[in-house]
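What follows is a short report on a single structure.
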Amino acid sequence: MERTVRVRFAPSPTGALHIGGVRTALYNYLFAKKYHGKFILRIEDTDQMRLVPGAEAYILHTLQWLGLEVDEGPIQGGTFGPYRQSERTKIYQEYAAQLIAKGKAYYAFDTPEELNAMRERLKAARVTAPQYNTVSREWMKNSLVLPKEEVIAMQQAGVPCVIRMKTPHQEDIRFHDLIRGWVKMNTTALDDKVLMKSDGTPTYHFANVVDDYLMQITHVIRGEEWIPSTPIHVLLYRYLGWETSMPQFAHLPLLLKPEGTGKLSKRDADERGFAIFPLTWKDPTSGVYTQGFREKGYLPEALLNFLALLGWSPSNQQDIFSKEDLIKAFTIERIGKSGIKFDIHKAEWFNQRYLRAKPDEVLVAYLLKALEENEITDTQGKALQVFRLMKERVTFPQDFWLQGKFFFTKPTVYDEHILKTKWTQQTRSVLQKFCNTLKTLVPFKDDVIKSTLERLIEAESIKINQVMPIVRVALTGLGAGPDLMQSMELIGQKECLSRIETFLEQYPSPC
RNA sequence: GGCCCGUUCGUCUAGGGGUUAGGACAUCAGGUUUUCAUCCUGAAAACAGGGGUUCGAUUCCCCUACGGGCUACCA
């Protein structure tokens, strides 16, 4: 009998969600929707030391922004709650007690210093992997070797202790990964993992297994960094008697640095100026803001499309996918195995595509909003015309303003390069003459302006590509932009004249 | 170091025992445009290396190299 698909996204609220985490969430979401299952959000906040205020809300906002609706979670509720691990401590304690009773786990009283000493000792003895394991536990301070009375006495005295898992001595543990096939590991490589910390809270491994079982998770889709600890999880399912309902595993390839070596990090993003967080994040301790994809102008649908194709590919050669398309096409089998060098270029291209596909009203609204923010009162008519000239040129919503503000405000700086290469005695004289003709030009329309300029160019026997850039710089300050004649018409006769005159005054003679 | 996972154009990838090894982004060139961008056309660009297996291997197996992950009372 097929179980209903139930997958979970289980982030730790230790800061802003990383873009890799967003991709993991997306793959889980797509898989759930594809099979009409449930997408569950579980907050793994067992480590109270690393907890960051605001991080959980950030995760929620991110999923919301991206349209990854959560079926069950801390806010949404559900029949398998609570969905915050910090609220489930009792549950873990019960199952830990069960493992102790079964002889599958034990108490350990070793202090950090003692653990360190053990590792040092093993290292000195040239043990390749110094661990608390089937061998070393024999000479440590735990309930396996200590007399029962002593253990009880220590517990009564309140000596801090953890619960460790009793790993079998030498056994092959294998598990099937939906992406990688069978993975085999021997327990000699495993240590006796801490299941419950001395403060009574569980570690990741334990809470994860208990919750996945209790929440009836069918598929665990998570990052590749978890492969080495999956045998521990398998063992735990076995110890708890849950092996038959163990979820299926799928370990996703990791997002890597654009160049060089290592996992993609916030630092890479900062150094190269691309976003790594979905939304802008203010670090509560340093107060430093890190701009997110949203604030950089990325559209959620563009980011989703970009992310989906980072490690997954469809069976055809389609590259533009709506969320619905992705749900339809997504399969775990088509997820790749190798690490992915993160390259932001394609994301920009996706954004441009999605942005330009938006209805005109939406796009004009971006410009209108920018005008409002810059306290420019303008008739909607002009904004609409500006928008039409700009539409094919933008990648991000803010480009309408960034590249088109000259329509509304006078330039304050002039393109150095154009000035250096095109500003000559001749172009100055042509610009002056052009300005003079403009004064009496009726009507002030793009085609009329154009023919005027063309006549002038012919009379002066100068090349058009000598004059145009200078006219553009005088009017807009920029070296490139939308159609100049249409731009002039929009700027208006009076304003054009004023701008050219200002320019001529500021640059009286070519340098 | 040990254990585990991986390796097709610069990047994301398709493919798979016999292919002109396909696409997208980026790059470059040509066209369009007064310019830049867009758009159109085109070009350059890859099976990590070595052994097997096979009539034949980029595809299957092994080794090496390289890359990545893990190796905490973090997740």
Side-chain angles (χ1 to χ4, degrees), chain A residues 10-14 44-47 49-50 108 110-112 115 119 123 126-132 160-164 177 179-180 183-186 188-191 193-205 207-208 222-231 251 253-254 256-263 306 309-320 334 336-350 352 356 390-395 399 403 418 422 450 453-454 457 463-469 471-473 478-485:
Chain A
S12 186
T14 52
E44 308 226 332
D45 56 350
T46 55
D47 187 1
M49 298 297 290
R50 295 207 312 157
D110 317 270
T111 63
L115 289 172
R119 291 191 187 107
K123 232 183 268 175
R126 270 184 276 177
V127 172
T128 50
Q131 286 178 322
Y132 204 116
C161 89
V162 299
I163 295 177
R164 281 182 186 273
D177 187 285
I179 295 172
R180 290 150 213 283
V183 178
K184 190 181 78 178
M185 225 175 287
N186 195 277
T188 46
L190 268 31
D191 60 346
K193 274 271 170 311
V194 170
L195 265 23
M196 296 296 288
K197 302 178 227 174
S198 56
D199 65 358
T201 64
T203 57
Y204 169 84
H205 305 287
N208 200 260
R222 72 213 322 182
E224 193 181 14
E225 71 267 32
W226 295 108
I227 293 179
S229 38
T230 304
H251 288 98
L254 263 23
L256 272 24
K257 290 179 192 294
E259 65 248 14
T261 59
K263 252 201 296 197
F306 168 67
L309 262 17
L310 244 39
W312 172 83
S313 65
S315 50
N316 57 20
Q317 290 185 332
Q318 185 179 346
D319 46 20
I320 299 291
R334 296 196 65 83
K337 295 177 176 56
S338 42
I340 295 139
K341 285 189 184 166
F342 188 82
D343 183 357
I344 197 70
H345 277 116
K346 208 163 182 174
E348 289 174 7
W349 175 77
F350 274 120
Q352 184 187 274
R356 276 195 281 164
M390 300 295 298
K391 190 182 176 185
E392 298 296 304
R393 321 176 57 80
V394 294
T395 299
D399 290 342
Q403 294 174 29
I418 300 292
K422 310 283 183 185
K450 192 174 183 187
L453 184 64
E454 276 165 352
I457 281 164
K463 286 216 165 101
I464 192 159
N465 61 10
Q466 290 298 311
V467 180
M468 270 307 186
V471 177
R472 183 183 291 282
V473 164
L478 305 173
D483 184 280
L484 228 204
M485 302 301 121

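Each chain gets a letter, A, B and so on, in the order its sequence line appears, and its residues count up from 1.
Look at A/Ser313 and you won't find any side-chain N or O under 4.0 angstrom from OP1 or OP2 of B/rC12. Phosphate contact (OP1/OP2 of B/rA72, side-chain N/O of A/Arg164, threshold under 4.0 Å): absent.
Among the heavy atoms of the strands lying under 4.0 Å from A/Ser198 is at least one base atom, whether or not backbone atoms are also near. When heavy atoms are screened at a 4.0 angstrom cut-off, A/Asp110 is found touching base atoms of the nucleic acid. When heavy atoms are screened at a 4.0 angstrom cut-off, A/Pro482 is found touching base atoms of the nucleic acid. Residue A/Lys450 is in sugar-phosphate contact alone, with no base atom involved, counting any heavy-atom pair closer than 4.0 Å across all strands shown. No contact: A/Arg222 has no heavy atom under 4.0 Å from any strand. Within the nucleic acid shown, A/Trp226 comes within 4.0 Å of at least one base atom, counting heavy atoms only. A/Gly223 comes within 4.0 angstrom of nothing in the nucleic acid, heavy atoms only.
For the pair A/Lys184 NZ and B/rG2 P, the interatomic distance rounds to 18 Å; values are reported in whole Å. Taking atom CE of residue A/Met196 and atom C1' of nucleotide B/rA72, one finds them 17 Å apart after rounding to whole Å. Taking atom CD1 of residue A/Ile320 and atom P of nucleotide B/rC12, one finds them 19 Å apart after rounding to whole Å. Distance A/Asp483 CG to B/rC39 P: 18 Å, rounded to the nearest Å. Atom CE of A/Met485 is separated from atom P of B/rU34 by 9 Å (rounded to the nearest Å). Here B/rC73 presents its C1' atom at 12 Å from CD1 of A/Ile163, a figure rounded to the nearest Å. Distance A/Ile464 CD1 to B/rU34 P: 7 Å, rounded to the nearest Å. Per the geometry, CG belonging to A/Asp399 stands 14 Å off P belonging to B/rA37, to the nearest Å.
A residue-by-residue look at A/Glu392 and A/Val194 shows that A/Glu392 has its nearest nucleotide of RNA chain B further toward the 5' end.
The base of B/rC70 has none of its N or O atoms less than 3.5 Å from a complementary donor or acceptor on the side chain of A/Ser229.
The nucleotide whose nearest atom lies closest to any side-chain atom of A/Glu224 is, among B/rC5, B/rG15, B/rU7, B/rC5. Distances from the side chain of A/Arg180 to the nucleotides B/rU8, B/rC73, B/rC5 place B/rC5 closest. With B/rG2, B/rC5, B/rC39 as the candidates, the nucleotide lying closest to the side chain of A/Arg356 is B/rC39. Picking from B/rG6, B/rU71, B/rC73 the nucleotide with the shortest atom distance to the side chain of A/Gln131 gives B/rU71. If you check B/rA72, B/rC4, B/rA75 against the side chain of A/Val183, the one that comes closest is B/rC4. Listed candidates were B/rC74, B/rU7, B/rU13. Nearest to the side chain of A/Ser338 is B/rU7. Nearest nucleotide to the A/Asp47 side chain, out of B/rA75, B/rG15, B/rC70: B/rA75. Checked against B/rC70, B/rU13, B/rC5, the side chain of A/Lys263 finds its nearest nucleotide in B/rC70. Each of B/rC4, B/rU34, B/rA14 was ranked by its minimum atom distance to the side chain of A/Leu484; first place goes to B/rU34. Considering only the side chain of A/Pro228, B/rG69 comes nearest among B/rG1, B/rC73, B/rG69.
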query: Could you write nucleotides 22-28 of chain B as a row of B, S and -, 5' to 3', where a protein heavy atom under 4.0 Å of any base atom gives B, of only sugar-phosphate atoms gives S, and otherwise -?
result: BSBS---
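Taking the side chain as every heavy atom from C-beta outward, A/Leu453 and A/Met468 approach each other to under 4.5 Å.
At least one donor-acceptor pair closer than 3.5 Å links the side chain of A/Arg334 to the backbone N or O of A/Ser313.
For the C1' atoms, the distance from B/rA24 to B/rU32 is 24 Å, rounded to whole Å.
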